[in-house]
A.B. asks: 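Below is one structure. I have some questions about it.
Since we're looking at a predicted model, the values are computed, not measured. Lettering of chains follows the sequences in order, A, B, ..., and the numbering in each one begins at 1.
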Amino acid sequence: MSNVANEKIAAYANRLGDDSLIHGHRLSEWCSNGPFLEEDLAMTNVALDYIGRARNFLTYAAELIGGGATEDTLAYERDCLEYTNLLIYELPKGDFAFTTARQYLLDEFELLFLTALCNSEDSTLAAVAEKSLKETRYHLRRSKEWMLRLGNGTEESKEKLQTAVEQLIGYTPELFEVDALEKDLISGGIAVDRAGLEESWRSACEKTFDEAGVNMPQAVWRVKGGRTGFHTEHLGHLLADMQFVQRAYPGCQW
Amino acid sequence: MSNVANEKIAAYANRLGDDSLIHGHRLSEWCSNGPFLEEDLAMTNVALDYIGRARNFLTYAAELIGGGATEDTLAYERDCLEYTNLLIYELPKGDFAFTTARQYLLDEFELLFLTALCNSEDSTLAAVAEKSLKETRYHLRRSKEWMLRLGNGTEESKEKLQTAVEQLIGYTPELFEVDALEKDLISGGIAVDRAGLEESWRSACEKTFDEAGVNMPQAVWRVKGGRTGFHTEHLGHLLADMQFVQRAYPGCQW
Amino acid sequence: MSTMNLNRSQDEAELEAEFQRRIDNEEKIEPKDWMPEAYRKNLIRQISQHAHSEVIGMQPEGNWITRAPSLHRKAVLLAKVQDEAGHGLYLYSAAETLGISREELIDALHTGAAKYASIFNYPSLSWADMGAIGWLVDGAAIVNQVSLQRTSYGPYARGMVRICKEESFHQRQGYHILMTLMEGDERQRKMAQDAVNRFWWPSLMMFGPHDSDSEHSGQSMTWKIKRQSNDELRQKFVDQSVEQAEAIGLTLPDPDLRWNEERGHYDFGEIDWDEFYSVIAGNGHCNRDRVAHHRRAHDEGAWVREALDAYENKRAAARTA
Amino acid sequence: MSTMNLNRSQDEAELEAEFQRRIDNEEKIEPKDWMPEAYRKNLIRQISQHAHSEVIGMQPEGNWITRAPSLHRKAVLLAKVQDEAGHGLYLYSAAETLGISREELIDALHTGAAKYASIFNYPSLSWADMGAIGWLVDGAAIVNQVSLQRTSYGPYARGMVRICKEESFHQRQGYHILMTLMEGDERQRKMAQDAVNRFWWPSLMMFGPHDSDSEHSGQSMTWKIKRQSNDELRQKFVDQSVEQAEAIGLTLPDPDLRWNEERGHYDFGEIDWDEFYSVIAGNGHCNRDRVAHHRRAHDEGAWVREALDAYENKRAAARTA
């Protein structure tokens, strides 16, 4: 494979790794903060899956980048302008309704995305996708169940869930953006055509929203920029905490 | 002055600098978060005074330490086990009642402390004390007024103030601890005998608490360890944020 | 029309004519003076949105106080944000002289009835943004505010004079932050250039649409609320910025930027008005966050304001007893 | 005394004698079996406090998940804390078999009626603390739990078998963290040594007071809830730790630590019991924070639990309809 092609696949794996890492990091913040112990355990379990997924993608990206890059140099040595995750992942965890809504919307997306990625011409990406898909099916069962519980629980839970959805919806269009890099890799059979997933995603979500008695709005406002490092103000603080030890004690083994 | 004496005075100035820096940092977190604009301005004003005070103490400590030390190497290159501030300063800002109670308790202390420090045999410390004392008189007028406003405002404000005091009181005994270093510097006429301030402090505070209709409890539990780097779990996160840029971009001018 | 109505319209017409004469004569209008209702409304809108901008502007900068990379910079940034709170207060006071309360002002901000400068819908993402915001955003604000020092409404004009003094200090500090970065290592230079790349065009947008497209411009100019056109002020800003950028090695992200000997000004590229309107319409990174943040602080502070009121009432009652 | 009371006491005495015979015979007591009320109470206290310890222990470790300095360590720590939540669940279940509800258990934790291991009143201050907590705190817990695998109450014993499997893995990971630090640079070695300096003595305190000073020990031993004495277990822990420390170059902060050939064990210094009782009494760094944190999460989650209940009720109603 050519160097240019390697660079592109590396960038693609890198962004998928960033997505997973930031998502897992946010979920891990629920540790000891859950509404009851079983849910605390469940959420940290999902967080662990995402960290594992991140490690797979970032390790692959690092291999392709070469020159001593590792999953850790990628995770711990880039500042927020160099991170390429989508914005929806970096938003603070919010309350349980926010986390539930975000998780569900992303689980439906990832089900479609990973299913498609299983067919990637790149065997490493396909392998990661297969492993991740098993996890995502489990995540989706859980998050869909929580959508129903909160939507059909009490007035309060329905209201909180609706509020969460209104806060999140404008961050979802970015999931379906295809830039030049991905356009190129799509034609090479390596990347997933995200744009093509939107209709199915919307349709699947609306079914659940309907069952949960919650309105799934159209995105009136939309925010994007993650792939080019144009982040929200949240990511910088996240990374300051996440990277501190490596930054303060550089060049060490842990 | 001997090297040993210099080391001790440096350590003393360093701890006073750490106290001020951490306190100022916590206060600065109110920026754009205050209950109304005038108070936002007032609190960032007090924060600025503390940052200035920290710079004075830390610059002096750095001079005495020598070897290229500066106010910034001290502030940005020590991890939490090396910070020597008292614990009360590093506690999160809490709600407005917590900040008010903490500010008031510390203002009464600093009035006494700085007044005494003005008489230090060390002319630099005395000069910093004099400048700081002017500020603290102003801070105290404000914080005392807020104690009265909250204590004699509504039932809710009184309750919140009482709760805040109960949360803080166990951190105040540490203000009056004299360790070997300070004992030594006290006999040299350089440091303030903190222990000797407790009675007057208590008496002044009780007067205000009485006027505010709030109970000033005795400390049933007490927490200490700041001077030896035995901090609460809060400081590490504070420093991760505060020091991130210097850690991520070491050896630079800003 | 009845005779009374006719008289009233005649009085109104006379008052308006007198008012316009005073305006044309460069006289200042003060709070007690008669003024057309539309003038009052226009001013309330402009002054309050100016005030809201100062207050909302505290957020992207406040975002970097805890992370300021030196104690000197920390102190300077704290002082800057404090100044901005002060500016907000002057301006709220000026608006209040026109018969609107602080509560109404804040409520309008929360509901979105009143806007704030859309530049603050952009996020502050690196330390260099503190430099870019000081140099470019405050720089643009100054160009506007210097012009407003001659605005017809007295309290507003006087507020502008006070604000301009402090604001120019802020701009120099922002420029100095960037200068220090440009004299630093490669990563610092990259950080500075990236910040400028993100804030340049939005700063140009601060001057508003071309005057031909601007809704309020005509009447504002007649009443000398506004003294110079959007495009005039924008040109001034570009001219001063190009040289400042060159002096420290920054590239302004506009390939069409070039000196035009004939005009005696810099030509510059066309602004992406789609982005401008899109951000105003709600697609900026921070639109929701800025208002939500302000609302949250306000709601969390309700008990404090209530306590203050209750206390003041008790004291007033004690005094009159 | 009436004939009925006499009969009841005779029955009671017989039941107690039979119960003790089963205990002495190393038979397991199960939830449906008759047990003295004091035995039930003792177990509820011990099992619930064990559960609360697992749950509260998630806090000092959870404090470092976001700052774990490598993705590998991040994953391992996340898995560890997850295990601890799982342990808490086993133990709450075991306690619930004795006729106490989860709600009562949590309430007791919040009011302070139920305690948790006082070791968790100490703060986690550096990454090395993750090593020290794994190696020493989990290490001490394992020594205790291995012994408890033979406890008389069936559900508790079986819970201990499952927990021990996972806990030994945690201890090895903690030790590995410290080993990696000790093979690192000077600052890392200092960090590791400092963590051990802070956690060594509190870990020894985890075994409780000397048996002569221990309130519950006597009866607990008779009923084989407790199988070995505090001092026996503590000695075992010291013996295993000294060699582990030496192997990676750590110094245990006890100048009186030395091998005693006669006893075949390590002699060690006297524990500062003042500190032990002081921390239990509330003077630890984290006493208030641990409970307040748990309470806050619980309160913030009330609406979620209510929603879950409401939803389950609706579904149950739909099924029976």
Side-chain angles (χ1 to χ4, degrees), chain A residues 21 24-45 47-48 51-52 54-55 58-59 70-72 74-76 95-97 100 145-146 148-158 160-161 238 241-249 251-254, chain D residues 51 54-79 81-86 88-89 92 102 106 126-127 177 180-181 183-185 187-188 191 290 293-294 296-298 300-312 314-315:
Chain A
L21 174 58
H25 185 96
R26 280 306 190 203
L27 271 170
S28 79
E29 292 174 355
W30 276 104
C31 175
S32 81
N33 290 313
F36 49 93
L37 193 54
E38 287 85 345
E39 195 50 29
D40 218 298
L41 196 158
M43 285 195 285
T44 37
N45 197 0
L48 190 49
I51 301 302
R55 300 188 65 196
L58 292 179
T59 296
T70 67
E71 57 175 351
D72 287 335
L74 290 179
Y76 291 89
D95 67 4
F96 192 77
T100 294
E145 185 64 16
W146 272 112
L148 299 181
R149 287 167 174 168
L150 298 187
N152 295 323
T154 59
E155 274 314 299
E156 186 182 8
S157 64
K158 188 192 287 289
K160 286 185 190 286
L161 191 59
L238 184 160
D241 206 53
M242 189 182 104
Q243 298 180 343
F244 181 76
V245 179
Q246 277 236 13
R247 300 290 197 174
Y249 303 87
C252 292
Q253 294 302 310
W254 298 97
Chain D
E54 293 280 354
V55 172
I56 294 298
M58 292 166 67
Q59 290 185 34
E61 292 184 305
N63 184 36
W64 279 90
I65 287 174
T66 55
R67 287 176 293 175
S70 75
L71 296 187
H72 168 67
R73 292 295 183 200
K74 197 180 185 80
V76 168
L77 185 57
L78 252 173
V81 178
Q82 214 184 297
D83 284 348
E84 276 146 26
L89 285 172
Y92 281 141
R102 177 78 66 86
I106 286 176
S126 77
W127 171 250
I177 286 174
T180 308
L181 293 173
E183 290 170 357
D185 70 11
R187 296 169 75 202
Q188 286 181 298
M191 194 196 285
R290 299 300 183 221
H293 179 131
H294 193 276
R296 177 190 49 73
H298 190 75
E300 282 174 4
W303 70 268
V304 180
R305 296 189 300 276
E306 278 158 30
L308 185 52
D309 280 346
Y311 180 74
E312 290 298 320
K314 285 178 192 173
R315 289 217 306 182

A.B. asks: Could you tell me whether a side-chain N or O of D:Q188 sits under 3.5 Å from a main-chain N or O of A:Q253, the two making a donor and an acceptor?
C.D. replies: yes

A.B. asks: Roughly how far apart are A:S32 OG and D:R290 CZ, rounded to 0.5 Å?
C.D. replies: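 That separation rounds to 9.0 Å.
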
A.B. asks: Can you tell me which portion of A:L58 sits under 4.5 Å from chain D's heavy atoms? Options are side chain, backbone, both or neither.
C.D. replies: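 Contact with chain D is through the side chain of A:L58 alone.
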
A.B. asks: In Å and rounded to the nearest 0.5 Å, what is the CD to OG1 distance from A:Q243 to D:T66?
C.D. replies: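 It is 12.0 Å, given to the nearest 0.5 Å.
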
A.B. asks: Do any N or O atoms from the side chain of D:K74 and from the backbone of A:I51 form a donor-acceptor pair under 3.5 angstrom?
C.D. replies: no

A.B. asks: Under 4.5 Å, counting heavy-atom pairs only, tell me which of D:G62, D:G88, D:A75, D:A79 racks up the most with chain A.
C.D. replies: D:A75

A.B. asks: Which bit of D:H72 comes within less than 4.5 Å of chain A, counting heavy atoms only: side chain, backbone, both or neither?
C.D. replies: both

A.B. asks: Any non-hydrogen side-chain atom of A:N33 less than 4.5 Å from a side-chain atom of D:R296?
C.D. replies: yes

A.B. asks: What distance separates A:L37 CG from D:I106 CD1, expressed to the nearest 0.5 Å?
C.D. replies: 8.0 Å

A.B. asks: Decide yes or no for D:W303 and A:T154: does some side-chain heavy atom of the first lie under 4.5 Å from some side-chain heavy atom of the second?
C.D. replies: no

A.B. asks: Shorter than 4.5 Å, heavy atoms on both sides: which option in D:R305, D:H298, D:Q59, D:R315 has the most such pairs with chain A?
C.D. replies: D:R305

A.B. asks: Report which part of D:I65 has an atom under 4.5 Å of a heavy atom belonging to chain A: side chain, backbone, both, or neither.
C.D. replies: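 Looking at D:I65, just its side chain touches chain A.
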
A.B. asks: Answer with side chain, backbone, both or neither: which region of D:L181 has an atom nearer than 4.5 Å to a non-hydrogen atom of chain A?
C.D. replies: side chain

A.B. asks: State, yes or no, whether a side-chain contact exists between D:M58 and A:D40 at a heavy-atom distance under 4.5 Å.
C.D. replies: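 A side-chain contact under 4.5 Å exists here.
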
A.B. asks: Report the residues that fulfil ring pair (Phe, Tyr, Trp, His ring centres under 6.0 Å) with D:H293, sequence neighbours left out, ordered by chain and then residue number.
C.D. replies: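 For D:H293 there are no ring pair (Phe, Tyr, Trp, His ring centres under 6.0 Å) partners, ignoring immediate neighbours.
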
A.B. asks: Mind checking side-chain hydrogen bond (donor to acceptor under 3.5 Å, both in side chains) for D:W127 and listing every partner two or more places apart, or none if nothing turns up?
C.D. replies: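 Once residues adjacent in sequence are excluded, D:W127 has no partner under the side-chain hydrogen bond (donor to acceptor under 3.5 Å, both in side chains) criterion.
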
A.B. asks: Out of D:V55, D:V304, D:I56, which one racks up the most heavy-atom pairs below 4.5 Å with chain A?
C.D. replies: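 Among D:V55, D:V304, D:I56, the one with the most close pairs to chain A is D:V304.
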
A.B. asks: Distance from D:R73 atom CZ to A:W254 atom CH2, nearest 0.5 Å?
C.D. replies: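 Between D:R73 CZ and A:W254 CH2, I get 10.5 Å after rounding to 0.5 Å.
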
A.B. asks: Under 4.5 Å heavy-atom distance to chain A, tell me which part of D:E306 shows up: side chain, backbone, both or neither.
C.D. replies: both

A.B. asks: Rounded to the nearest 0.5 Å, what separates atom CG in D:L71 from atom CZ in A:R55?
C.D. replies: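 Going from the CG atom of D:L71 to the CZ atom of A:R55 covers 6.0 Å.
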
A.B. asks: If you count heavy-atom pairs under 4.5 Å between each of A:E29, A:E38, A:Q246, A:E156 and chain D, which one has the most?
C.D. replies: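 Winner by heavy-atom pair count: A:E38.
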
A.B. asks: So how far is it from D:M191 CE to A:Y249 OH, rounded to the nearest 0.5 Å?
C.D. replies: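 Between D:M191 CE and A:Y249 OH, I get 4.0 Å after rounding to 0.5 Å.
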
